[in-house]
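Shown below is the structure under consideration.
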Amino acid sequence: MHIIENGNVAAALGVKLCRANVIAAYPITPQTPLTERLSEYVESGEMKAEYIPVESEHSAMAVCIAASSAGARAFTATSANGLLYMHEQIQWASGARLPIVMCVVNRAVGAPWNVWNDQQDSISQRDIGWIQIYCSDHQQIIDTVIKAFWIAEKVSIPIMVCYDGYILSHTYMPFDLPGQEEVDAFLPPFKPEYALNPETPANLNTVTLPDVRLDVQGELAHGYMEIRYLLQEELRTTLNVAAEAEKRFAEIFGRGSDPYIEPYRCDDADYVAVGLGSITYQLRVCVDALRKEGIKVGVMGVRFYRPFPDAAIANALKGKKGVIVFEKALSYGYEGALASDLKSALYEHLAGSGVLPFVQNFILGIGGREIRTDDLTQALRTATQGRVSTEPTWIGLKL
Amino acid sequence: MNKDFIEIRWHGRGGQGAITAAKIVAGAAFISGYEGVVMAPTFGTERRGAPVMTSLKISKKKIYDLSPIEIPDIVVVLDHLLLKEADVTHGLKPGGIIVLNTPKPYESYHFKDYRLATADITAISVEAGLPHGMVNTGIIGSLERATNLLGIDILIKGIEEEFSTRKPGKNSLAAKIAFERTVAGG
């Protein structure tokens with residue numbers, strides 16, 4: 001059944017369909033309508049879950065950590081400074097291998113204060129051991145929430161489902177609302193390998209020594225380094241689990257695509273625009289316009305950002321003359337994080353071939369600066385004539 | 001007007017329900033075969049009474065460009081006083097349509113390059129039994145009279161569904177009366 005709703009409602013409906021047991025959240029624009037909607041579902045009895053209002057995002061994540069440790073399916077959502085305030089707790093969640101799902105409704109971070117969209121918030125949390133998936137429309141938001149719980153619980157790693165604030169969160173568009181029976185068939189109840197139980201008290205994640213040591217049963221237990229190594233290894237194998245999730249999802253819901261990237265008119269393209277989230281859909285309009293001018297260009301959305309699908313990305317960009325990366329965030333002092341990651345993947349997989357495409361990095365839409373489609377087309381057109389600069393080039397800057 | 005891709009910009013005041021009105025039209029367009037429907041409010045500074053804008057794009061194909069409307073085919077103005085406060089015709093295509101809620105006579109307006117449609121939705125809505133100032137359903141009737149876009153029946157159905165628990169009959173009546181009484185230029 002198709003409905004017309006905004007992106008926050010798409011996310012809330014996904015969480016309801018997944019029968020999350022515990023929701024803890026603190027309001028922050030533009031995320032607020034998502035968790036408000038969930039609190040309404042819980043209040044009306046439509047959703048059987050514990051909704052725990054908290055006094056901060058730090059506590060929201062602490063509650064999710066506790067709930068998940070006790071075997072509950074836990075969800076939260078935040079944006080911008082709320083996510084940053086969670087920073088200590090979200091690292092705990094991944095280190096403790098808890099399959100929490102969190103929507104990050106992308107918004108600029110202060111200072112200066114700004115409530116509008118860019119992606120500096122989630123990009124700044126790239127290296128903390130969470131899986132990050134970016135969505136480009138409402139169908140992807142609701143479908144990704146559902147897939148996220150399945151993947152997270154399969155690999156015991158938490159997931160951020162990221163989507164652009166306002167541009168997606170507050171915009172209405174049609175999407176197919178999956179049926180409860182289908183979601184139940186896709187996503188079984190959460191059965192953790194280990195859950196806290198008052199009858200068998202235990203300490204979790206206490207001081208873990210630099211070296212391995214014998215545990216209370218006299219068995220050799222991992223040291224801190226082994227535990228962290230396994231997080232990295234299992235994040236890398238999560239790419240395979242994502243492919244499995246996509247296949248299962250397609251079987252049940254009849255919708256499916258490449259789990260890692262979303263290419264559009266890339267096959268015969270000489271130049272490929274790359275980005276995260278809704279910008280890659282806007283770029284499709286630019287690609288269509290430039291194709292009419294005879295410029296062979298395509299666009300590729302990166303859906304899975306962490307773990308980074310480097311092989312799939314490099315394979316898709318093999319033989320291209322140029323890669324043009326559009327980013328709503330950057331690693332201040334260098335360039336866009338995605339541009340750096342792409343260069344790394346290209347070097348790793350294509351350096352041996354002797355042919356590497358140039359990488360042009362555009363920064364745009366920072367703090368919600370309007371991205372005019374004409375300006376975007378012009379930037380893309382210019383970049384297909386050769387790399388504009390070795391430094392990131394800002395679009396729409398009024399200096 | 002190219003009916004495969006239509007851009008409608010709504011001007012109202014915070015709290016007036018322009019978003020709900022645009023949502024009703026979006027829903028009716030979708031079930032009429034417009035696969036692409038995108039309704040994007042302007043963001044961040046909404047407060048009661050302040051001028052607000054909403055973009056509604058409807059297309060026979062999926063819409064990938066979510067950026068704000070720059071050259072609308074139609075502008076809908078829920079309060080005639082906004083003509084003085086906001087540049088409501090900004091970017092409007094030559095020959096574009098202005099749908100205006102106003103108590104003033106049609107003849108008192110002179111838009112050179114545009115087609116105007118007017119109705120006193122504020123009075124019509126009170127006549128239909130709605131509280132004073134509730135104009136977001138009546139204006140849909142005027143929009144349909146001015147544009148002949150989707151057919152009044154599907155819009156009436158959309159209004160009654162949206163307001164199923166909040167005076168559906170009175171809301172749809174406002175749209176029906178407005179549809180009858182709207183004065184539209186050729």
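Letters A, B, ... are given to chains in the order of the sequence lines, protein chains preceding strands, and every chain is numbered from 1.
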- Query: Just how far is it from atom OG of A:Ser136 to atom OH of B:Tyr64, taken to the nearest 0.5 Å?
  - Reply: 10.0 Å
- Task: Return yes when atom CG of A:Asp267 has more than 12 non-hydrogen atoms of other residues, nucleotides or ligands closer than 6.0 Å, and no otherwise.
- Result: no
- Query: Given a strict heavy-atom distance threshold of 4.5 Å, which part of B:Glu70 is in contact with chain A: side chain, backbone, both, or neither?
  - Reply: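 The side chain, not the backbone.
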- Message: Is it the case that atom CD in A:Glu293 sees more than 12 heavy atoms from other parts of the structure closer than 6.0 Å?
- Response: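 Correct, the count exceeds 12.
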- Pairwise side-chain contact, B:Phe30 with A:His2, heavy-atom cut-off 4.5 Å (strictly under): yes
- Give the C-alpha distance, both sets of side-chain angles, the deciding distance and a yes or no for side-chain contact (heavy atoms from CB on, under 4.5 Å) between B:Leu66 and A:Leu168. CA-CA 8 Å; B:Leu66 307 182; A:Leu168 292 176; 3.6 Å; yes
- Item | Side chain proximity check, A:Arg372 to B:Ser67, heavy atoms < 4.5 angstrom |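 A:Arg372 vs B:Ser67: side chains apart.
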- Message: Under the criterion salt bridge (Lys or Arg N to Asp or Glu O under 4.0 Å), I'd like the reasoning laid out for B:Lys62 against A:Asp137: C-alpha separation, chi angles, the key distance, then a yes or no.
- Response: CA-CA 11 Å; B:Lys62 181 175 166 72; A:Asp137 66 11; 2.7 Å; yes
- B:Ile19 vs A:Tyr172, side-chain contact (heavy atoms from CB on, under 4.5 Å): CA-CA, chis, key distance, verdict: CA-CA 10 Å; B:Ile19 289 175; A:Tyr172 290 72; 4.3 Å; yes
- Item | Separation of A:Asn6 CG from B:Lys23 NZ (nearest 0.5 Å) | 8.0 Å
- Query: A:Ile4 versus chain B, heavy atoms under 4.5 Å apart: side chain, backbone, both or neither?
  - Reply: both
- Separation between CD (A:Glu370) and OG1 (B:Thr42), nearest 0.5 Å, reads 11.0 Å
